[in-house]
Amino acid sequence: MVKIVEGDLLEQPVEVIVNAWNRNFIPWWLLVPQGVSGAIKRRAGYQPFVELGRYGTLSLGQAVLTSAGKLPYQGIIHVAGIGNAWRASEFSIRESVRNALLLAAGKFRSIAFPLIGAGTGGFSPAETEEIMKEEIDKTPFDGDIIIVRFRKS
């Protein structure tokens, strides 16, 4: 089941959340994460990003799992949703969604996504949401899926 909500990704009642990340080619400690990544770093602490750094450079759309640090989730799936020019593409959004769901399948019963590629990635929220819903419909995941449209509480 797919549910679309407005709110904060870090307040969703799920087992795992998705972090819209970059290709990991710049060390996390050199970046000033904004948006979802910035909120995760502030509330989870550095541990998930230290673990993420061990993966090295990610392929566009690749998904990797880390601990959730101080957050109450079973893990964080980081996806390389934007490329080297800090822009998303339809390909990167689709691959990020597909790979996150494939990684979560069989491990988690619920997952929450931000709008991957919206904002910094250059896509409009409406366009991103449509691409994500199409990809979710094509990818097997036996659990609950939440797409979160960010809204400050």
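Residue Phe123 shares its hydrophobic cluster (ILVMFWY side chains chained together at separations under 4.5 Å) with Val2, Ile4, Val16, Val18, Leu65, Ile77, Val79, Ile93, Val97, Leu101, Leu103, Phe108, Ile111, Phe113, Leu115, Ile116, Ile131, Met132, Ile136, Phe141, Ile145, Ile147. Counting Ile, Leu, Val, Met, Phe, Trp and Tyr side chains that sit under 4.5 Å apart, directly or through other members, Leu60 shares a hydrophobic cluster with Phe91.
Side-chain atoms of Thr139 come within 3.5 Å of backbone N or O of Glu135 as a donor-acceptor pair. Counting only distance, with no hydrogens or angles, the side chain of Ser59 and the backbone of Gln62 share no donor-acceptor pair below 3.5 Å.
Residue pairs satisfying the side-chain hydrogen bond (donor to acceptor under 3.5 Å, both in side chains) criterion with at least one member in residues 100-115, sequence neighbours excluded, are listed as follows: Glu15-Arg109. Sequence neighbours left out, the pairs with a member in residues 67-78 that pass side-chain hydrogen bond (donor to acceptor under 3.5 Å, both in side chains) are Asn19-His78, Glu51-Ser67, Thr66-His78. The salt bridge (charged side-chain N to carboxylate O under 4.0 Å, His left out) analysis of residues 73-93, with sequence neighbours excluded, yields the pairs Glu90-Arg94. Counting only residues at least two apart or on different chains, the side-chain hydrogen bond (donor to acceptor under 3.5 Å, both in side chains) pairs with a member in residues 95-106 are Glu95-Arg98.
When the shell of 6.0 Å around CG of Asp137 is examined, it contains more than 12 heavy atoms from other residues, nucleotides or ligands.
The two residues Pro48 and Ala68 make their nearest non-hydrogen contact at CG-C, 3.8 Å. Considering all non-hydrogen atoms of both residues, Gly81 and Ser92 come closest at O-OG, 2.9 Å. Taking each heavy atom of Gly117 and Thr128 in turn, the nearest pair found is C-OG1, 4.0 Å. Scanning all heavy atoms of the two residues, the minimum distance from Phe49 to Ser37 falls at CZ-O, 3.7 Å. Nearest heavy atom pair, residue Ala63 against residue Ala100, reads CB-N, 3.7 Å. In terms of heavy-atom proximity, Val148 sits nearest to Ala112 at CG2-CB, 4.5 Å.
With sequence neighbours left out, the side-chain hydrogen bond (donor to acceptor under 3.5 Å, both in side chains) criterion links Glu129 to Arg149. Glu130 pairs by the salt bridge (charged side-chain N to carboxylate O under 4.0 Å, His left out) definition with Lys133, not counting sequence neighbours.
We find the CG-CD1 distance between Leu9 and Ile40 to be 6.0 Å, quoted to the nearest 0.5 Å. For the atom pair CD1 of Ile76 and CD of Gln47, the computed distance is 10.5 Å after rounding to the nearest 0.5 Å.
Annotation: side chain of Ile17 is in contact with side chain of Leu71 (closest heavy-atom distance under 4.5 Å). Looking at Val14 and Asp144, their side chains never come closer than 4.5 Å, going by heavy atoms from C-beta outward.
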